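Structure first, then comments.
These numbers come from a predicted model, not from an experiment.
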Amino acid sequence: MWRLLWRSIDRFSLQHFKSVITELRHIKIVDEQNKDAVVDILQSIVEIVTYGDRQDPLIFECFMEYQVLAEFVRVLKISTSSTIEAPLLQYLSIMIQNMDSEHAIYYCLSNDYINNIVEHQYNFDAGDLALYYVSFLRAVSSKISRDTLCLLVKVNGDAVVSFPMYSKALKFAQHEEKMIQTAIRALTLNIYNICDDNVYQFVTTPPASIYFSDLVYNLRDQCLQLDALVHSTEEKCTWKKNKDIFLKTDEIIDNLYYFKDVVSVGESRLSRVVTQNLLSVLISPLLLPLLELGEDKGSYNISAVTSFYIVSRLLQVVGGKHLINGVAGLLLYHHMALCRRDAIATNGDTAGDTGDASPLLHFLNDIRIKIFGPEAGGEEEININYLLQQLNEHTSSNSHYDGTPRDDNMHVERFGIFTYLFSDNHSISLASLFLLLTLAENKDLEHYPASLLRMNRSQGLTKCGSAFAEVDGSILVRFMHQILKALLEVLARQPPVSPPIQWHTGWFLRKLLQCEGNMLTDDNVHLFNTSYEQSRECLRKELDGCWFDHIPDTIGHEWGSCKKALELQSQVKDPIFTLELAICQQTIDGSSNSYFAWQRMVEAVKLKAFIFMGCLLEKPSLNSWSNGDLGKTSSRDTSSASFGSEVSLVSGIPCRIAFSYAGVRDVYLVAVAQGISGKLILAEKHPFRSQRGVVIAIAPVAGLSPKIDEDHPTWLHLRIRDFDPDFFKAKGNQSEVSNLPADGRWTLGFHSAKACETAQLMILEETCKQSPSSRSAAMVPLFLSAVFHVHGQQR
């Protein structure tokens, strides 16, 4: 009997559910005194409904019968405490997210319950209410289908006139909280993917379509911030500046991928509104001033290199036929207009209008570009046809823009983007070439602009009536000799440009030479061999540097990554290298710090990798670099010594060293090289074994640079490499290098000057045994094969 009285209540029973609903109905006002009790009631209801949706249909029938969602709306209206809003939205989000029954979802979205909650007047100024509100909207959007979408929109005839959830969500599109931005973008994509014709019409016409232009304006502001970072004079080529630029480009790319997701929905109206906004608000204002005036900055005061980077990234990430051909039309407008003009003149009528260029020209003429107009006190909208005609008149009125073929030995005048191809600024020239290659290799590029940008002579020629086109329709083919020469001049320049510039220039050179019909002329072969000699000399210097013992491992580590990098297609190669070149055009720091010395060695190896792989050679054999006969001079226990182990002191030289925390210690100096692995060992004499010692310190032989003190001939100074390349590689080369520790310094004291000289000589001898420069036969593949192969390829 007592057990019956104390029997626990089943909290998921229908009876308990009804009692909880009754409690909620009895609440007349929500204030600070009862808000916690109300929150508990709301939580219990959501838990029971979520359980009933899957386990007990009677619970959800009760939920509908008692119109519990209407009670939720009532609680919002009678609340005098804003603290109830966040938990209510949170519990509703949880309930909706966990609903599986289509019947339950349909009921929750009906009767304007959701719209009433969405349109309630919230105070978003304090707390995390905005995050809970947006999460609720996102949860609802994830459950919408074509059958239920009609429950959330208001229509007049067949047209959607109001979509509260979508409109409210867009107000948070530019929220400073990244999680909220992400949720809004997920919500919009959920709606776009429903494929409702009336909703598409609503979201692509004003005022809802302003959302897309706002996104592009926000993207433009980010591009301005990126350009300011690139050209900031406060810091030059520092780790922090590179990190800031990477973070800003990541933000930009996130936005581009969202545009890509919208375009990928496959709805033509969505694709059109995105493409039109990108072309009119961002791309055209960036490119047109650069193409017309050949200046370093566009109408937004964004530099040429940043502009080319942004447009290249847009083409890679967003893509789409209209965007690709829109950019191609802007870059090639003068050439296409010239072809059409000459076709009309040749035929004596307007037959040229039916040519391949006409559809693209008409598409460009429909774009209304938004530019900054000082006279208007802000931005003004101009038909792009007006600006393009100005561009065409500007180029046509000058004799050097006539487009007629010239002898290759004569100076070839260039205009538009082709002006930047031959700029003395390497970052600009490579950025413009990368943009052209990205366009040329895109599968969505129409036949006519593709024929103007093809990179080899094996494809069919394009005839359009002008003398220019009758020679060859491809502009890149016409300039190919000059482009290859310009690239090779960068590689052969004295003094050499920085290794990153050489490396990326090599990528372009290899890519262009792989195109059928593109070959090096005799003078270009000479430039190539000059650059080869420079890279050979650079690597040879490293054989006597402080990291020579790491050269074989570096070749093995870098060869595969270099090969992969050189074989990248322009569609997947990150053009951020153009920004890196813009902020750091100087050569690598000449500091003797071991980190910078290691960096120089790696760059030297990578440049040799370009020479080999640029000539289609296989990885050079390094078998003769193995630990062979060089190790026979050392005892086995010394070569495998580690801290605390015992070693023989037979070849050791007694000396003294002072440690900051251990005072002066009497030690023996032992230097040993085995193959390309060398160690300098400091060992204390064993207390019981006179010919043995205990290792207390080890340093690599490479890079010791032993020097006798001028004022104290018994002192020997050694430099100890403190930088660890293996740790740097494990961190993905992203570890901060701005606070690198200084190289260690050891000063050893000997009992006489002769003993000090003997120790110095011993270290130098072991260094020579270890150095691969003493084994010249092993280096033959790295120093000879490339030149012969180049000559053989060209003859």
Side-chain angles (χ1 to χ4, degrees), residues 7-53 56-99 103-140 143 151-152 154 162 164-165 167-169 171:
R7 184 172 58 186
S8 62
I9 299 174
D10 183 1
R11 57 192 299 263
F12 292 109
S13 66
L14 182 60
Q15 181 181 0
H16 177 64
F17 184 46
K18 291 180 179 180
S19 68
V20 174
I21 295 174
T22 301
E23 286 186 61
L24 183 62
R25 286 184 162 185
H26 287 162
I27 294 174
K28 304 302 180 183
I29 190 171
V30 180
D31 53 23
E32 293 296 327
Q33 283 70 37
N34 67 348
K35 65 177 183 179
D36 292 335
V38 174
V39 169
D40 291 340
I41 293 173
L42 296 177
Q43 180 180 356
S44 297
I45 290 175
V46 168
E47 290 175 349
I48 297 171
V49 171
T50 303
Y51 168 82
D53 181 56
D56 189 350
L58 294 178
I59 288 179
F60 199 82
E61 289 181 10
C62 179
F63 177 80
M64 293 187 293
E65 179 183 350
Y66 285 83
Q67 298 184 355
V68 177
L69 273 181
E71 292 299 318
F72 276 65
V73 176
R74 186 179 68 85
V75 167
L76 278 176
K77 292 179 178 179
I78 66 174
S79 175
T80 61
S81 173
S82 59
T83 56
I84 196 68
E85 296 170 346
L88 185 145
L89 292 171
Q90 181 185 19
Y91 294 139
L92 276 177
S93 301
I94 294 172
M95 183 181 73
I96 292 173
Q97 284 175 337
N98 287 280
M99 281 186 175
H103 175 64
I105 294 172
Y106 190 92
Y107 171 77
C108 288
L109 299 182
S110 62
N111 298 316
D112 256 359
Y113 296 136
I114 297 298
N115 281 341
N116 287 330
I117 295 173
V118 167
E119 295 183 293
H120 179 74
Q121 296 300 312
Y122 299 94
N123 180 15
F124 296 109
D125 294 336
D128 297 328
L129 182 59
L131 182 59
Y132 289 112
Y133 180 73
V134 169
S135 297
F136 167 70
L137 297 182
R138 179 179 181 177
V140 174
K143 298 297 182 179
L151 303 174
L152 298 177
K154 299 176 182 179
S162 176
M165 184 181 73
S167 300
K168 290 288 186 178
K171 294 181 179 180

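- Between Ile117 and Tyr122, the shortest heavy-atom distance links the atoms O-OH, 2.6 Å.
- Remark: side-chain polar atoms of Asp31 are paired, donor with acceptor, to backbone N or O of Asn34 under 3.5 angstrom.
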Given Leu42 and Val38, is the side chain to side chain contact (heavy atoms under 4.5 Å, CB included) satisfied, shown in steps? CA-CA 6 Å; Leu42 296 177; Val38 174; 4.2 Å; yes
Test side chain to side chain contact (heavy atoms under 4.5 Å, CB included) on Phe136 and Val118 and set out the steps. CA-CA 9 Å; Phe136 167 70; Val118 167; 4.0 Å; yes
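- Taking every heavy atom of both residues into account, Asn123 and Glu85 meet most closely at N-OE1, 4.3 Å.
- Leu129 is listed as a side-chain neighbour of Leu89, based on a closest heavy-atom distance under 4.5 Å.
- In this structure, CG on Asp53 lies 9.5 Å from CE on Met95, to the nearest 0.5 angstrom.
- Residue Lys143 holds its NZ atom at 5.0 Å from CD1 of Ile105, rounded to the nearest 0.5 Å.
- Taken to the nearest 0.5 Å, the CD atom of Gln121 stands 11.5 Å off from the NZ atom of Lys77.
- No side-chain donor-acceptor contact under 3.5 Å links Arg11 to the backbone of Glu47.
- Atom OG of Ser44 and atom CD of Glu23 lie 8.0 Å apart (nearest 0.5 Å).
- Inspection of the Gln67 and Glu71 side chains reveals no N or O donor paired with an N or O acceptor under 3.5 Å.
- Separating the CG atom in Asp36 from the CD1 atom in Ile84 is a distance of 8.0 Å, to the nearest 0.5 Å.
- Contact detail for Glu119 and Lys154: the closest heavy-atom pair is OE1-NZ, 4.0 Å.
- Contact of the Val39 side chain with the Tyr91 side chain is registered, since non-hydrogen atoms from C-beta on lie closer than 4.5 Å.
- Under the 3.5 Å distance criterion, the side-chain polar atoms of Thr80 are matched with a main-chain donor or acceptor of Val30.
- Judged by distance alone, with hydrogens and angles left aside, the side-chain atoms of Lys168 form no donor-acceptor pair with the main-chain N or O of Leu137 at under 3.5 Å.
- Between His103 and Phe60, the angle of the ring planes goes over 60°, which puts this pair in the perpendicular group of the 30/60° scheme.
- Formation of a donor-acceptor pair under 3.5 Å by the Asn111 side chain with backbone atoms of Tyr113 is not found in this model.
- His120 places none of its side-chain heavy atoms less than 4.5 Å from the side chain of Val73.
- Taking the side chain as every heavy atom from C-beta outward, Ile114 and Ile96 approach each other to under 4.5 Å.
- Among all heavy-atom pairs drawn from Leu151 and Asp112, the shortest one is O-OD1, 4.3 Å.
- Between Val49 and Phe17 the shortest side-chain heavy-atom distance falls below 4.5 Å.
- For the atom pair CG of Leu88 and CD of Gln43, the computed distance is 12.5 Å after rounding to the nearest 0.5 Å.
- Scanning both residues, Lys28 and Arg25, for their nearest heavy atoms gives NZ-O, 3.9 Å.
- Cys62 and Leu14 get closest at one heavy-atom pair: CB-CD1, 3.7 Å.
- For the pair Leu69/Leu92, a side-chain contact is recorded, criterion being any heavy-atom separation below 4.5 Å from C-beta on.
- Counting only heavy atoms from C-beta outward, the side chains of Ile27 and Ile41 approach each other to under 4.5 Å.
- Panel note: side chain Ser79, backbone Val75; no donor-acceptor pair is recorded below 3.5 Å.
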